[in-house]
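These notes are about the structure you will find just below.
Here is the naming used below: chain letters follow the sequence lines, and residue numbers restart at 1 for every chain. What you see is a predicted model, and the numbers here were worked out from it, not measured in a lab.
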Amino acid sequence: MLGEIKLSEGLREYLSKMPDLDLDLLLEAYRRPLPTSFRVNTLKMDEYEILEMLKEKGVSFKKIPWARYGYVVENNSIDLGKTLEHMLGLIYIQAPISMVPVEVLDPKPGERILDLCAAPGSKSTQIAQLLNGLGVLVANDISFERVKALASNLQRFGVLNVIITLMDGRKFPRFAHECFDKVLVDAPCSSLGIVSKNWGIARSWSPEIAKRLSKVQRQLIVAGFDCLKPGGELVYATCTLTVEENEMVIQHLLEKRENAVLKEIDLPSLKYRCGIVEWNGTKFDEELRKTIRVMPYDNWAEGFYVARILKEGDS
Amino acid sequence: MKLLSPRERKFLENRLKGLYGVEEGFNDLVLIKCGRGRIRATTKETLELASRLRGIQQIGLYVMKISNGDISLSVEGSQLLNDEIKENVIELDEERVEKWMKAIPIKTETTYHGRYVIGKFNRLYLGSARVSRNGLLYPQIPKWRRIPIAKNSE
Ligand SMILES: C[S@@+](CC[C@H](N)C(=O)[O-])C[C@H]1O[C@@H](n2cnc3c(N)ncnc32)[C@H](O)[C@@H]1O
């Protein structure tokens, strides 16, 4: 028998104040394991051929409608992480909602893209796949240990046009000011969207954790924005639910950089709701409605927050 | 990290031709030395951007290691060269590809020239194995990407 999931006092109180949140459904989503899903690596082989190899192994799967090359496994008959396909980099195991931020970023061959918080590389490999060998990906992270995993994953995926850097992302504009067409800030966060992977997250969560992370996130988003060329786009994403780590970070950027403009996100078939514009008596910019919140029970997968921001100006 | 000089590149291309029958090699790519005979490949654009950045840990793909004129290709190195590879190839069946990816030595009756042979499964190249005198091939699959060996087998 599994034990019952425990929320810290602080988390229970916090969630009870959140608009548009169904706590019972959230707890049910937390109890369910995340679906297994993967992307096929078209840098190495034809999509159809890879899928055939998996079918021969008895894996059955369904297309993920919001992610190119994404599939969700329907029968967990084998451990995908131990297959030849995984070891050779023909597939990349990645949770389904985690594929959303890069779809919103929509990398195009030839672009220069910065992934500011990149390790262990799920989204970097996804960006590289969509660049299809043209343009350059810079994959950065602050953690030496995690950069090792990032390097392994990019190697296995077969990415040629990549530079891996080990750096505090907040320092990037010092030498890469207005250097990139697109930037992804997949920020470190309190992970309330992926509690089903680790129930301990809900037990140990406190408002102080969210506040501390919010400070770093604000610095990272401004740094990422400053690395964008005028006319470029930034996607900010977290796998958490708090307003401090999501809408308030975007609000901060809008206040700090007047050429930051929110853009609509359009992902048919993904269930989500729009960003929060009032919290604890404070009203935010109405434009924040253009950002999206995906609750874990919306698609019975992870919870995520995603914002798409344009840097106005001539490219 | 340093680029291969034109002389070093020529030497490498000659060796690739001699050992594996590769004619075109890593044509448009830039080759970078990264210590102990290891070579990485990337694009010109990538290298250009790198000159502006700091904190660089790695650029591009690890493709091969060269020592005393012998070349051991990484999985990705052999996949990049793909069907340019004409010689010193061992075709693997399903059973042997499992062994290869677990880095379990494989018996062979064939004699190969050079110290390394390249594995191939269907249309996929799988990097190099070291050829030993006792007729065994030792696949050079790095530990972090080996298929784990089940505890109760072999
Ligand atoms: C949510 S994870 C990124 C996941 C990754 N994008 C992926 O898809 O695989 C956040 C990452 O931010 C990194 N990080 C934390 N603080 C940072 C900073 N100041 N600069 C750069 N990276 C940072 C962490 O080491 C962690 O790897």
Side-chain angles (χ1 to χ4, degrees), chain A residues 43-46 49-50 52-53 56-57 79 81-90 110-114 131 133-142 144 147-169 171-172 174-177 179-180 227, chain B residues 1 26 28-32 34 40-63 74-80 82 92 94-103 119 121-127 139 141-150:
Chain A
L43 291 179
K44 285 208 168 184
M45 223 193 201
D46 183 66
E49 276 184 81
I50 299 172
E52 283 303 304
M53 285 173 80
E56 273 175 34
K57 290 207 155 77
D79 180 352
K82 291 183 181 158
T83 59
L84 179 71
E85 289 74 11
H86 166 75
M87 294 301 179
L88 286 177
L90 303 180
E111 288 176 339
R112 277 184 180 182
I113 302 192
L114 169 63
L131 286 179
L134 299 171
V136 185
L137 165 67
V138 176
N140 174 70
D141 205 277
I142 198 172
F144 179 71
V147 160
K148 284 201 260 177
L150 173 67
S152 302
N153 284 329
L154 285 161
Q155 171 77 25
R156 185 166 50 203
F157 209 73
V159 185
L160 272 168
N161 51 337
V162 64
I163 304 165
I164 300 175
T165 56
L166 174 69
M167 166 84 52
D168 184 334
K171 295 185 181 156
F172 240 78
R174 293 187 193 169
F175 50 87
H177 184 72
C179 189
F180 294 93
C227 291
Chain B
M1 272 185 276
F26 296 95
D28 304 332
L29 297 176
V30 180
L31 296 178
I32 306 166
C34 49
R40 304 183 72 88
T42 191
T43 64
K44 289 198 186 90
E45 267 187 289
T46 307
L47 198 70
E48 267 166 37
L49 181 56
S51 64
R52 238 187 113 159
L53 301 183
R54 301 211 200 121
I56 296 178
Q57 298 295 295
Q58 267 176 22
I59 302 180
L61 268 182
Y62 168 56
V63 288
S74 70
V75 174
E76 281 67 33
S78 66
Q79 290 173 352
L80 270 181
N82 205 13
L92 303 163
E94 230 159 274
E95 188 195 327
R96 292 210 290 184
V97 80
E98 280 280 319
K99 282 192 165 176
W100 187 280
M101 291 307 294
K102 289 176 175 167
F121 174 61
N122 295 335
R123 281 179 35 224
L124 262 182
Y125 289 88
L126 306 176
I141 300 292
K143 279 207 182 87
W144 59 268
R145 67 188 300 184
R146 289 181 193 164
I147 296 180
I149 301 173

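With a 4.5 Å cut-off on non-hydrogen atoms, A/M167 touches chain B through its side chain but not through its backbone. Contact annotation for A/L90: only side-chain heavy atoms (C-beta onward) come within less than 4.5 Å of a heavy atom of chain B. Interface residue A/V162: backbone and side-chain heavy atoms are both found under 4.5 Å from chain B. Both the backbone and the side chain of B/E45 come within less than 4.5 Å of a heavy atom in chain A. Heavy atoms of B/L80 lying under 4.5 Å from chain A belong exclusively to its side chain. A/K171 does not touch chain B: none of its heavy atoms, backbone or side chain, sits under 4.5 Å away.
The two residues A/N161 and B/T42 have their closest heavy-atom pair at CA-OG1, 4.3 Å. Taking all atoms of both residues into account, the shortest heavy-atom contact from A/V159 to B/L61 is O-CG, 3.4 Å. Nearest heavy-atom pair across B/E76 and A/K44 is OE2-NZ, 2.5 Å. For the pair B/I147 and A/K82, the tightest heavy-atom approach, listed with the atom from each and the gap, is CG2-O, 3.5 Å.
Chain A forms the most heavy-atom pairs under 4.5 Å with one residue out of B/I59, B/V75, B/L49, and that residue is B/L49. Of the listed residues (A/G158, A/S152, A/C179, A/A176), the one with the most heavy-atom contacts under 4.5 Å to chain B is A/S152.
Taking CD of A/E56 as the reference point, atom CD of B/E94 lies at 7.0 Å (rounded to 0.5 Å). In this structure, CD1 on A/I164 lies 12.5 Å from CG on B/L53, to the nearest 0.5 angstrom. With rounding to the nearest 0.5 Å, the separation of CG in A/L166 from CD in B/Q58 is 11.0 Å. Interatomic distance, CH2 of B/W144 versus CG of A/N153, reported as 7.5 Å (0.5 Å rounding).
The shortest distance between side-chain heavy atoms of B/R54 and A/F172 does not fall below 4.5 Å. At a threshold of 4.5 Å between non-hydrogen side-chain atoms, the residues B/T46 and A/L160 do not count as touching. Counting heavy atoms from C-beta on, the side chains of A/L88 and B/F121 never come closer than 4.5 Å. Using a 4.5 Å heavy-atom cutoff, the side chains of B/L124 and A/M45 are in contact. Side-chain contact between A/Q155 and B/S74 is present, with at least one heavy-atom pair separated by less than 4.5 Å. Put simply, the side chain of A/R156 does not reach to within 4.5 Å of the side chain of B/P142, judged on heavy atoms.
The 12-atom threshold is exceeded at CD of A/E52, counting heavy atoms of other residues, nucleotides or ligands nearer than 6.0 Å. The 12-atom threshold is exceeded at CZ of B/R52, counting heavy atoms of other residues, nucleotides or ligands nearer than 6.0 Å.
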Worksheet item: After noting the C-alpha distance and the side-chain angles of B/Q57 and A/L150, does the key distance pass the side chain to side chain contact (heavy atoms under 4.5 Å, CB included) rule?
Response: CA-CA 11 Å; B/Q57 298 295 295; A/L150 173 67; over 6 Å; no
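Listed by first then second residue, pairs satisfying salt bridge (Lys or Arg N to Asp or Glu O under 4.0 Å) with a partner in residues 159-169 of chain A read A/D168-A/R170, not counting sequence neighbours.
In this structure, A/E49 pairs ionically with B/R123, as a charged nitrogen and a carboxylate oxygen lie closer than 4.0 Å.
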